[in-house]
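The structure appears below as structure tokens.
The analysis underlying the following values was restricted to heavy atoms, covering all of them including side chains, and did not include hydrogens, waters or symmetry mates. Within every chain, numbering begins at 1; the chains are lettered A, B, ... in the order of the sequence lines, protein sequences first and strands thereafter.
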Number of protein chains: 2
Amino acid sequence: MPPTDTTTMEKILDAARKLFVQQGFAATTTRDIAKEAGINLALVNYYYGSKQNLFKTIMVEHMKGFMKGLSVGINDPSRGLEEKFAFMADSYISMLLVQPDVPLFLLRSLREEPDVLFRDVGIGPILTDSLLMKEIDAALKAQGRSLISPLQIFINLMGLCVFPFIARPILQMASGIDDDQYTTMMNERRSLIAKWMMAMITTEQR
Amino acid sequence: MPPTDTTTMEKILDAARKLFVQQGFAATTTRDIAKEAGINLALVNYYYGSKQNLFKTIMVEHMKGFMKGLSVGINDPSRGLEEKFAFMADSYISMLLVQPDVPLFLLRSLREEPDVLFRDVGIGPILTDSLLMKEIDAALKAQGRSLISPLQIFINLMGLCVFPFIARPILQMASGIDDDQYTTMMNERRSLIAKWMMAMITTEQR
DNA sequence: CCACGAATTAATCATTTGTTTTAATCATTT
DNA sequence: AAATGATTAAAACAAATGATTAATTCGTGG
């Protein structure tokens, strides 16, 4: 890794990303960012105008990354339904093992500034017309379960992937397992989730 | 509802609960709390010592409520496995429809102050020896799936209940459905989740 | 009615924090 | 080398914030 090659703007961005994701907007001061970046305080606003604007930059960056990854997964024509589930679960878990705080950061930020999505990220109802939703719909209909919205199934997929990382502190305490065991469990989920998803879809409705 | 019958301490507590849960610790000022409670600024610290202590009070309160509800659900001997799933899902969804911000508040707070759980809330590995975990374990073994930890299944239950509320902003935007439709979906999940859980447990392992 | 303690208020303090300013330094070009 | 513009540093400012103080009001028992 190049320690000195990074420009000042990048150093600020890296520090801000780390702190904002970890602590949120209000709990992070511009002085924290400057110190973490190892640069002078004035440079934060010199390059990014304001703390608010710097935060928005980080937020949009992460949001776009998420949306991009999502749109790839849900529209991949080379995979069938179960394979899509497996691929998406594996991808998300890989990402979450490295950046476990990002989902909480995004969800928290969206409550504070929901408008950012519309203005700065190109986000519409990309889910509605996706290949994945069509395939889920078809699979449900094949089981005579057309009363269930495909969106319910998609929510389950995301929940099974993301929730264990968001709720890790509580879950780990309530179960009493250590960090290594928890990581092992998360890795097991890579392949389990797709099977669970198929089971939910194909089980009989009583 | 009695508007004036509430004591000053309760007024402060109510205001603090609302604001802390909504915005978090750092984003909430003591002046916000005083204004929301309709009382003088000095009274906040007069009754609760410090902002930090007031926050801890709210946090412990919510955490205890959660743990209490959980321990009831997972140890109910009058219900079988699927009935437990159904009851717990129904309970959580009822609570989440009224207080959708509580989970995010708890999860966020636990990252900031994980010690509070140990010191102020009686929390141990209550899950490990619970009736629910034993029943999940038995059901898995009956399917010859003893490789899967029962904790995985429990995580799924919580995720299916809580995640759609935590991630509501993103999910609603990505799908383009309105508030009423979303609430309708959440109500449908009351009964769906238990069936999904059973499907995940009883499906064949390939 | 008075006295005493609790409750409430307005004012103030000491820090913190976002932001700006002004001057100094560095790098590159002429 | 001089000049020019970009970059960095130190200091300062105004507003916000957690906390405290001192005075005032309120309620209740004697």
Once you measure the plane-to-plane angle for A:Phe25 and A:Phe20, does it fall in the parallel (<30°), tilted (30-60°) or perpendicular (>60°) bin?
parallel
Give the rounded distance in Å between these two atoms: CZ of B:Phe55 and P of D:dG18.
13 Å
Judged by atom type as modelled, is there a donor-acceptor pair below 3.5 Å linking the side chain of A:Lys18 to the main-chain atoms of A:Glu36?
no
Partner of C:dT29 by Watson-Crick or G-U wobble geometry, both contacts under 3.5 Å, or none?
D:dA2
Using modelled atom types only, decide if a donor and an acceptor are shared between the side chain of A:Arg189 and the backbone of A:Ile93 within a distance under 3.5 Å.
no
Side-chain N,O (B:Thr8) to OP1/OP2 (C:dT8) below 4.0 Å
yes
Ignoring hydrogens and angles, tell me if any N or O in the side chain of A:Tyr182 forms a donor-acceptor pair with the backbone of A:Pro164 under 3.5 Å.
yes
Flag, side chain of B:Ser71 to backbone of B:Lys68, donor-acceptor distance under 3.5 Å
yes
Scan residues 45-54 of chain A against DNA chain C and write down, sorted by residue number, each residue with any heavy atom closer than 4.0 Å; if none is found, say none.
A:Asn45, A:Ser50, A:Lys51
Strand partner of D:dC26, provided both Watson-Crick or wobble distances fall under 3.5 Å:
C:dG5
Which nucleotide, if any, forms a Watson-Crick or G-U wobble pair with D:dT7, using both distances under 3.5 Å?
C:dA24
For A:Lys84 and A:Arg79, indicate whether the former's side chain and the latter's backbone hold a donor-acceptor pair under 3.5 Å.
yes
Contact list please: residues 19-42 of chain B against DNA chain C, heavy atoms, distance less than 4.0 Å, in numerical order.
B:Asn40, B:Ala42
List the steps and the verdict of side chain to side chain contact (heavy atoms under 4.5 Å, CB included) for A:Met185 and A:Gln181.
CA-CA 6 Å; A:Met185 284 186 55; A:Gln181 287 174 299; 5.7 Å; no
Residue pair A:Gln172 / A:Asp179, side-chain donor-acceptor N/O under 3.5 Å:
yes
